[in-house]
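The structure appears right after this line, and notes come after that.
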Amino acid sequence: MEYQHDVEINGEDKYQNICKHNGLCKKEKDSKDDTDSNKLSHIEKAYTTILSELGEDVDREGLRRTPLRAAKAMEFFTKGYKETIQDILNDAIFDEDHDEMVIVKDIDLFSLCEHHLVPFFGKAHIAYLPNKKVVGLSKLARIVEIYSRRLQVQERLTKQIASAISEALEPAGVAVVIEAVHMCMVMRGVQKINASTVTSVMLGTFQDNPITRKEFLDLTIRK
């Protein structure tokens, strides 16, 4: 009977601990939701001010909900700040005896230029030389998404993607090339609609071995 009593007490303690943990989780979630709601409200007010200062009537039908829509859009455009490489890779790295080049090319990317807050968009090409480890292919596209959904410059974006892959997989080499069109050059300033920008980062064997680098570039870059 004493044993059964202990079980009941331990079971009750366990149940209380679960409830307490769930209560803390709920409080943390509620606190996070409140914080996110406050941030959204502040961004909405900022857009209202911008539209007003531009001379627009923010109460007219077409603009009445525009500040809120713009605030939500900006949160989506910059959602990469809330994501980490660890979150997306979790169990997607596998032991594999493969040492030949792995390439994922033509990964669509959309980002915001941090200088003018206007879009730049294009494609990323990624290659790595496995060192007994491979990663789920979709995760490479997710890494591009994490860093492109932030305020960026293309040069830094290219380096961040390459560095993240190198740190996560410890491969023999990583190569990243991004080709993009910047609306800050198309819609304003010099207004060169046919200009595109190409950036690259080569690490490990891709930097040291010109033959490996040439193979990657020949397989990815459009002629």
Side-chain angles (χ1 to χ4, degrees), residues 43 47 50 69-89 92 101-129 135-169 171 173-210 212-223:
I43 298 171
Y47 274 115
I50 291 171
R69 287 191 291 260
K72 289 181 177 179
M74 183 57 73
E75 283 196 334
F76 178 80
F77 296 153
T78 58
K79 67 187 179 74
Y81 288 121
K82 298 180 180 179
E83 300 172 329
T84 68
I85 298 300
Q86 291 74 23
D87 290 338
I88 66 158
L89 290 184
M101 192 181 305
V102 177
I103 298 175
V104 179
K105 64 178 187 177
D106 294 329
I107 301 170
D108 293 321
L109 69 85
F110 303 89
S111 192
L112 288 179
C113 165
E114 68 179 29
H115 300 143
H116 301 99
L117 300 186
V118 293
F120 67 91
F121 57 91
K123 296 185 181 296
H125 314 296
I126 296 173
Y128 72 96
L129 291 167
V135 66
L137 297 177
S138 67
K139 302 304 183 182
L140 297 176
R142 292 288 302 276
I143 290 174
V144 172
E145 182 77 0
I146 282 180
Y147 289 109
S148 62
R149 292 299 185 180
R150 302 178 181 185
L151 302 183
Q152 280 288 9
V153 295
Q154 185 173 328
E155 297 89 340
R156 182 173 67 238
L157 173 59
T158 311
K159 188 171 184 178
Q160 286 177 333
I161 293 169
S163 297
I165 296 169
S166 182
E167 291 173 11
L169 296 180
V174 177
V176 178
V177 170
I178 292 179
E179 304 173 90
V181 174
H182 290 249
M183 299 311 289
C184 58
M185 288 184 62
V186 174
M187 295 177 65
R188 57 163 298 284
V190 293
Q191 299 182 62
K192 302 302 180 185
I193 63 173
N194 295 314
S196 63
T197 301
V198 180
T199 51
S200 70
V201 170
M202 306 287 169
L203 303 177
T205 303
F206 287 101
Q207 183 179 54
D208 300 334
N209 189 327
T212 305
R213 182 167 61 249
K214 183 178 185 302
E215 179 184 355
F216 164 67
L217 294 174
D218 286 345
L219 290 170
T220 55
I221 304 300
R222 299 177 186 83
K223 296 296 188 288

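Remember, predicted model here, so these are calculated numbers, not experimental data.
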Other residues, nucleotides, ligands: >12 heavy atoms within 6.0 Å of Arg213 CZ: yes
CA sep, side-chain torsions, deciding dist, call: Lys79, Glu145, salt bridge (Lys or Arg N to Asp or Glu O under 4.0 Å): CA-CA 9 Å; Lys79 67 187 179 74; Glu145 182 77 0; 3.6 Å; yes
Donor-acceptor pair, side chain of Ser166 and main chain of Ala162, under 3.5 angstrom: no
Parallel, tilted or perpendicular, as decided by the 30° and 60° cut-offs, for the rings of His182 and Phe120: parallel
Straight-line distance of Gln160 CD to Ile85 CD1, nearest 0.5 Å: 9.5 Å
With Met202, the side-chain contact (heavy atoms from CB on, under 4.5 Å) member among Val177, Val174, Val176: Val177
Over all atoms of both residues, closest heavy-atom pair of Ala127 and Phe206: CB-CZ, 3.9 Å
Exam field: side chain Tyr128 to backbone Leu169, donor-acceptor pair closer than 3.5 Å: no
Between Gln154 and Thr199, a side-chain donor and acceptor under 3.5 Å: yes
Residue pair Ile88 / Lys139: nearest heavy atoms and the distance that separates them: O-NZ, 3.0 Å
Minimal non-hydrogen separation, Pro171 against Ile165, with atom names: CD-O, 4.0 Å
Val104 versus Leu140, closest heavy-atom pair with distance: CG2-CD1, 3.7 Å
Exercise: identify the closest heavy-atom pair between Phe216 and His125: CZ-O, 3.9 Å
Phe76 side chain near Arg149 side chain, heavy-atom distance below 4.5 Å: yes
Within-4.5 Å side-chain heavy-atom neighbours: Leu109 and Tyr147: no
Residue pair Lys123 / Asp108: nearest heavy atoms and the distance that separates them: NZ-OD1, 2.6 Å
Partner set under side chain to side chain donor-acceptor pair (under 3.5 Å) for Asn194, not counting sequence neighbours: none
